[in-house]
Protein chains: 2
Amino acid sequence: MRIHLKNIVLFQNVDEETIKKIEHFTTEHKVSKENIVFYEGDEPKYLYLLVKGVIKLYKTSSNHKEVVLKYFHDNELIGEVANFEGMPYPATAKAYSDVEVLKIDFEKLKDVIFSNPNLAFNIQTSLVKKIKNLENIISTNLVLDSKERVAKYIYNHADDFFETKNIEIAEILGVSPETLSRILKFFKDHDIINVKKKYIDRDALIQYF
Amino acid sequence: MRIHLKNIVLFQNVDEETIKKIEHFTTEHKVSKENIVFYEGDEPKYLYLLVKGVIKLYKTSSNHKEVVLKYFHDNELIGEVANFEGMPYPATAKAYSDVEVLKIDFEKLKDVIFSNPNLAFNIQTSLVKKIKNLENIISTNLVLDSKERVAKYIYNHADDFFETKNIEIAEILGVSPETLSRILKFFKDHDIINVKKKYIDRDALIQYF
DNA sequence: TATAATTACTGATTTATATCAACACGATGG
DNA sequence: CCATCGTGTTGATATAAATCAGTAATTATA
């Protein structure tokens, strides 16, 4: 295996011997952009650990509307719930860029977790992070309206906002590109953002959410 | 203390000695209906374990709209994320009925978790349950429209649907009572539910979500 | 450089759902 | 027994955002 587990956050402070054991039932995979990692409804067998790239997790509703639940980045665990609960994956995971993942045999990992407090602690931390993220999605999507969501997004992504395509931002925020365009126009008209000068008035933005 | 921790799901399979230790920094509280357990923004110090009753967790948006994130029932843990992450509570918890809670000093509990695999495992299970619930909220609220949400609710609550007030169901589903009334009328008109006969055509309902 | 493809903008229309308003019905309490 | 309160129903209207449609601007490609 090319990737060494000990360099991965999830396995920090876990002893060499345990790591070696885990490496025995872990495989490394490359998934190229736009390919599916797993489908909604698939039976889980592996825990996925995203090493590199971005994975998009989404659901398709009955009327074929795609709702993005989350974009996963480096070092994030994917599919714990399905694995822990022995239920089919509730959403589809697709490579949003070229991606490197580790597939860990979950049944075997479970035993190791149980006998290794450090690993258990790391998994716990990862679960808590995920809860935090989900709670954030809920409060962002259910509590804020579109303009507030956009304001919050720009505020939190001031560094790369001008380098991100609007259609991507629209997808992330779950609004239509047209709506986003109109909201951005509003912020431009109010001198809160300036695309040419790459200027963002964060103090003004914060008023909007 | 009146309540014995060993009778609580979270402490199942945890040895007597550990339980006794935990009892030393756990206190028991009664909160009567409509009173606040903690406010959004409060600094967390205790982990709450709901022993009896229902606690409503909600956020109030900038335009004073209340969004219910979750109703907690018996044996559920409240506030793990805030405690684990050392961040202020992201939402307000209010007693929805008369309620009994345990307040557990989190800093002290943390040490115990670390040295007790069974407890760690139980906490992990509780975290996974919470993730599952949050994912469910997201898919219900973001992917389904109102009619689909109502159909899903009736399908999943066939046993107590006719005993629950519509205004409560509306709040749980995050739709207005008027909208719920109109949707129920639709299902009645299509002979999918019948209030007098307390009849629910679950097979027909499932088509709607 | 010219052409095609993608992305962004803008106006008009549609849609789902909330809100407002009026009213009906049953339960509760003086 | 009537008045009041909580709940449910129904219609009319308002609102946020999606969709549709056309065009402009930008980026990629031949």
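Basis for what follows: all heavy atoms, side chains included, without hydrogens, waters or symmetry-related copies. Reminder, nothing fancy here: chain letters follow the sequence lines and each chain counts from 1.
Lys188(A) comes within 4.0 angstrom of the backbone, heavy atoms only, and of no base.
One finds no salt bridge joining Glu107(A) and Lys45(A) here, because no Lys/Arg side-chain nitrogen approaches an Asp/Glu carboxylate oxygen to under 4.0 Å. Salt bridge absent: Lys130(A) and Glu76(A) never bring a charged side-chain N and a carboxylate O closer than 4.0 Å.
Heavy atoms only, all atoms of each residue included: Pro88(B) and Gly41(B) are closest at CB-O, 3.4 Å. Nearest heavy atoms, Asp201(B) versus Asp191(B): CB-O, 4.4 Å.
Distances shorter than 4.0 Å separate some side-chain N or O of Thr179(A) from OP1 or OP2 on dA18(D). Put simply, Asn166(A) has no side-chain N or O that comes within less than 4.0 Å of OP1 or OP2 on dT6(C). Between dG8(D) and Ser181(B), no contact under 4.0 Å exists linking OP1 or OP2 to a side-chain N or O.
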Find every protein N or O atom lying less than 3.5 Å from an N or O atom of nucleotides 23-29 of chain D, and list the pairs.
none

Please enumerate all protein N or O atoms sitting under 3.5 Å from an N or O of nucleotides 11-14 of chain C, with distances to 0.1 Å.
| from | atom 1 | to | atom 2 | distance (Å) |
| --- | --- | --- | --- | --- |
| dG11(C) | N7 | Arg182(A) | NH1 | 2.9 |
| dG11(C) | O6 | Arg182(A) | NH2 | 3.3 |
| dA12(C) | N6 | Arg182(A) | NH2 | 3.4 |

Under 3.5 Å, which donor-acceptor pairs do the side chains of residues 46-55 of chain B form with other protein atoms, sequence neighbours left out?
none

Could you tabulate the donor-acceptor pairs under 3.5 Å formed by side-chain atoms of residues 155-166 of chain B, not counting sequence neighbours?
| from | atom 1 | to | atom 2 | distance (Å) |
| --- | --- | --- | --- | --- |
| Asn156(B) | ND2 | Lys152(B) | O | 3.3 |
| His157(B) | ND1 | Tyr153(B) | O | 2.9 |
| Glu163(B) | OE2 | Lys198(B) | NZ | 2.8 |
| Thr164(B) | OG1 | Asp160(B) | O | 2.7 |

Compile the donor-acceptor pairs under 3.5 Å between side chains in residues 181-188 of chain B and protein atoms, sequence neighbours left out, one pair per line.
none

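Under the 3.5 Å distance criterion, with hydrogens and angles disregarded, a donor-acceptor pair is assigned to the side chains of Glu171(A) and Tyr71(A). Side-chain N/O atoms of His29(A) and Thr27(A) include a donor and acceptor closer than 3.5 Å.
Remark on the helix from dT1(C)-dA30(D) to dG30(C)-dC1(D): inter-end axis angle 30°, axes from five-pair C1' superpositions, rounded to 10°.
Between the CD1 atom of Ile183(A) and the C1' atom of dA16(D) there is a distance of 10 Å, given to the nearest Å. Atom pair Leu180(B):CG and dT10(D):P shows a separation of 13 Å (rounding to whole Å applied). In this structure, Leu184(B) places its CG atom 16 Å from P of dT7(D), rounding to the nearest Å. As rounded to whole Å, 11 Å separates atom C1' of dA16(D) from atom NZ of Lys147(A). Between the C1' atom of dA17(D) and the CZ atom of Arg149(A) lies a distance of 10 Å, rounded to the nearest Å.
Within 6.0 Å of NZ on Lys103(A) lie more than 12 heavy atoms contributed by other residues, nucleotides or ligands.
When distances run from any side-chain atom of Ser176(B) to the nucleotides dA18(D), dT7(C), dA18(C), the shortest one goes to dA18(C). The side chain of Asp145(B) lies closest to dA16(C), out of dT19(C), dA18(D), dA16(C). When distances run from any side-chain atom of Lys165(A) to the nucleotides dA18(C), dT7(C), dA16(D), the shortest one goes to dT7(C).
Both tests do not hold together for Lys197(B) against Tyr199(B): distance to the six-membered ring centre under 6.0 Å, angle to the ring axis within 45°.
Distance check: Thr26(A) OG1 to Ile104(A) CD1 gives 4.5 Å after rounding to the nearest 0.5 Å.
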